[in-house]
Amino acid sequence: MRLDKYLKVSRLIKRRTVAREACDGGRVSVNGRTAKAGYSVKEGDIVEIAFGTRNVKVEITSVAETVRKEEAKEMYRYI
């Protein structure tokens with residue numbers, strides 16, 4: 001699954017366009033490397049997102065095309 005779509009489906013970022021802009025702006029890294037929106041994520045990847053002054057670091061635990069809002073938090077684990 002593409003990184004921007006994963007960020008939207010997992011609800012780490014609310015909209016896919018915002019996720020794409022964050023990736024293209026260099027504010028998202030996967031496994032310690034800056035990643036573009038088209039990067040293909042897989043289970044076990046470490047994603048770090050810079051939200052202004054706050055950084056969020058998560059490990060991907062599952063990848064699914066669609067998921068209910070209540071189950072979205074189970075797609076990742078905070079580090």
Side-chain angles (χ1 to χ4, degrees):
M1 175 185 293
R2 289 173 53 100
L3 176 58
D4 59 344
K5 184 170 183 181
Y6 177 82
L7 292 173
K8 189 248 183 237
V9 170
S10 66
R11 290 178 170 75
L12 284 167
I13 296 180
K14 298 291 184 199
R15 287 194 253 33
R16 190 167 176 181
T17 54
V18 175
R20 189 177 317 121
E21 290 169 3
C23 293
D24 293 341
R27 294 191 309 264
V28 180
S29 64
V30 178
N31 298 326
R33 302 176 127 182
T34 304
K36 295 290 183 188
Y39 178 85
S40 183
V41 297
K42 56 195 173 302
E43 292 181 18
D45 282 346
I46 305 295
V47 179
E48 191 167 354
I49 310 165
F51 289 114
T53 60
R54 193 177 77 131
N55 281 358
V56 175
K57 193 172 186 179
V58 296
E59 178 184 356
I60 297 175
T61 56
S62 69
V63 177
E65 290 293 320
T66 57
V67 68
R68 293 179 38 210
K69 183 179 179 180
E70 298 81 28
E71 298 165 353
K73 291 184 176 116
E74 298 170 7
M75 293 182 71
Y76 56 89
R77 177 177 62 84
Y78 285 105
I79 298 176

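Numbering of residues begins at 1 and proceeds along the displayed sequence.
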Pairwise distance [atom1]([X]) to [atom2]([Y]) - rounded to 0.5 angstrom:
| X | Y | atom1 | atom2 | result |
| --- | --- | --- | --- | --- |
| Thr61 | Met75 | OG1 | CE | 7.5 Å |
| Leu12 | Tyr78 | CG | OH | 6.0 Å |
| Ile13 | Arg27 | CD1 | CZ | 8.0 Å |
| Ile60 | Met1 | CD1 | CE | 9.5 Å |
| Asn31 | Tyr39 | CG | OH | 5.0 Å |
| Glu48 | Ser29 | CD | OG | 4.5 Å |

* Taking 4.0 angstrom as the limit, do Glu65 and Lys5 come out as a salt bridge? -> yes
* Asked: Can you name the residues that form a side chain to side chain donor-acceptor pair (under 3.5 Å) with Arg77, not counting sequence neighbours?
  -> Glu59
* Sub-3.5 Å donor-acceptor pair from the side chain of Ser40 to the main-chain atoms of Arg2, do we have one? -> no
* **Backbone of Lys42 reached by a side-chain donor or acceptor of Asp45 within 3.5 Å** => yes
Give the minimum heavy-atom separation between [X] and [Y], together with the two atoms involved.
| X | Y | value |
| --- | --- | --- |
| Val58 | Ile79 | C-CD1, 4.0 Å |
| Cys23 | Ala37 | CB-N, 3.5 Å |
| Ala35 | Leu3 | CB-CD2, 3.8 Å |

* All pairs passing side-chain hydrogen bond (donor to acceptor under 3.5 Å, both in side chains) where residues 7-16 contributes a residue, at least two apart -> Asp4-Arg16
* Co-membership, hydrophobic cluster, residues Val47 and Phe51, 4.5 Å side-chain -> yes
* Are Val18 and Ile49 grouped together when hydrophobic residues (ILVMFWY) are joined by side-chain heavy atoms under 4.5 angstrom apart? -> yes
